[in-house]
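Computed from a predicted structure; not experimentally measured. Reminder, nothing fancy here: chain letters follow the sequence lines and each chain counts from 1.
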There are 2 protein chains.
Amino acid sequence: MVSKTDRIPATERREQILEAATRVFGELGYAGATTDRVAKAAGISQPYVVRMFGTKEQLFIEVLERTCELIVAAFDRAVADEASDKPVGPRIGEAYVSLVETDRGVLLALMQGFILGHDPNIGPVARRGFLRIYDRMREVMTPDEAMRFMAQGMLINTLIASNLTVRIDQDERVDELFACTFGDKLGIVLEGLSRSA
Amino acid sequence: MVSKTDRIPATERREQILEAATRVFGELGYAGATTDRVAKAAGISQPYVVRMFGTKEQLFIEVLERTCELIVAAFDRAVADEASDKPVGPRIGEAYVSLVETDRGVLLALMQGFILGHDPNIGPVARRGFLRIYDRMREVMTPDEAMRFMAQGMLINTLIASNLTVRIDQDERVDELFACTFGDKLGIVLEGLSRSA
DNA sequence: GATGGTGGTAATCGACTGATTACTTCACGG
DNA sequence: CCGTGAAGTAATCAGTCGATTACCACCATC
């Protein structure tokens, strides 16, 4: 009972599934997510998801590697941006914050990978991804600057993951923390939130 | 088949289970952990764990609240420490790093709670805990300082959770990042690692 | 108009897991 | 010594989930 338009080349379908899985894993975590939810988010059946990637674990690993590539790519674009007159640090910062707005699932899925460091198969992939991002930072800043950037990024991830955004405009402490964390980029975040609401 | 010495008052047993559950949830996450693993870690049977806390979810919530209390208590001790001549910032930092060494499960369980912010029951508890810790920081430092401290803390949590410690002394980037993150407190961490090995 | 490869699903299985039930053992007060 | 409640477990159930199997629909091309 598949209409003609539902039949899509495997490579394209693969990307659809990865996109859906990024959102689902990002929200529910690796163990909390099910292949069926990924399938529903991608608009296909659960067995097809499993057959395309072999196992749930393999799917998550590919999601994780994809998120790292997306983040590194966003950083590269920010670094290479000749149009901006800002220093490279703030440019990368802005690139990361833009990800919060446009592709929250990427940040959350990355976070979910990091906390699986104990897993024998996923752990190494997560560590490799973390270091890949750290390396990219180190190419354009000092160790101390890179460390602070990673720290800021982890705080942002935590703020988004813990859903503290729901308390914006309702809790002074939250407003203060968000203003302090995002600085002049706060507008980008708030705009993204109002759009997704 | 219970020997006499295995019978323990409920309140005491309760604390044992919370302690074990903190470790198990910290390592495997909420969805990834099972009540049976918690039970085995606590040295009792699985049904007893469930009966003591009602549901797995309730157990996790109590674990989460306990971790926040432990962290806030550690901060309070650091702030009140009259013997030290250091400023309050580094004292709290040292208190947090000491937790990495002595009670890694606490930090990991906290992290696991933060990324469950979307959960209708656990999410509010996680946010409340986060803000409680932030409030404690704000009592002794500026918003910007508090934000940087939280960021640093989240980076530390991520480094521990992702198990990047296994690459210490094997990857120059990791050594650099750890040295930069922990600064003069690096010794505390390394000592804790060698002891747990 | 057979044939085979590609895209896809329905049905189902087996393992796992949270929760429930019913039971046992023990300490202690009257 | 009896009974009552607290501490604790074995057995088991019901639901969920990842994976497998067997199958269908479509299109190309010979």
Inset, instruction - Take the protein atom CD1 of A/I44 and the nucleotide atom P of C/dA10, then report the distance between them rounded to whole Å. - result: 12 Å
Legend entry - Cluster link A/I115 to B/L177, ILVMFWY, side chain under 4.5 Å: no
Legend entry - A/F25 six-ring centre to A/K56 NZ/CZ under 6.0 Å and within 45° of normal: no
Inset, instruction - Could you tell me whether a side-chain N or O of A/R51 sits under 3.5 Å from a main-chain N or O of A/G54, the two making a donor and an acceptor? - result: no
Legend entry - Gap between atoms CD and C1', on B/E12 and D/dA6 respectively (whole Å): 15 Å
Inset, instruction - Record whether the side chain of B/R7 comes under 3.5 Å of the base of C/dT25 through a donor-acceptor pair of N or O atoms. - result: yes
Inset, instruction - Write down the distance between CG (B/L28) and P (C/dT17), rounded to a whole number of angstrom. - result: 10 Å
Legend entry - Within 6.0 angstrom of B/R37 CZ, more than 12 heavy atoms from elsewhere: no
Legend entry - Whether over 12 other heavy atoms sit under 6.0 Å from A/K185 NZ: yes
Inset, instruction - Using only heavy-atom distances, decide whether a donor-acceptor pair under 3.5 angstrom links the side-chain of A/R13 to the base of C/dG8. - result: no
Inset, instruction - Determine: side-chain N/O of B/Y48 to OP1/OP2 of D/dT9, distance under 4.0 Å, yes or no. - result: no
Inset, instruction - Would you mind telling me which residue lines up with the more 5' stretch of DNA chain C, B/K56 or B/R51, judged by nearest nucleotide? - result: B/K56
Inset, instruction - Quick one: label B/S45 by what it contacts on the DNA or RNA (base, sugar-phosphate, nothing), any heavy atom closer than 4.0 Å. - result: base
Inset, instruction - May I have the distance from A/R14 (atom CZ) to C/dT6 (atom P), rounded to whole angstrom? - result: 15 Å
Inset, instruction - Report the distance from atom OH of B/Y30 to atom P of C/dG18, rounded to the nearest whole Å. - result: 8 Å
Inset, instruction - Scan B/A33 against the nucleic acid and name what it touches under 4.0 Å (heavy atoms): base, sugar-phosphate only, or nothing. - result: sugar-phosphate
Inset, instruction - Answer yes or no: does a side-chain N or O of A/T35 lie under 4.0 Å from OP1 or OP2 of D/dG18? - result: yes
Inset, instruction - For A/Q46 and D/dT21, give me the distance from atom CD to atom P, rounded to whole Å. - result: 14 Å
Inset, instruction - Nearest whole angstrom, please: distance from the P of D/dT20 to the CZ of A/F53. - result: 16 Å
Legend entry - Whole-Å gap separating P (D/dG8) and CG (B/D36): 17 Å
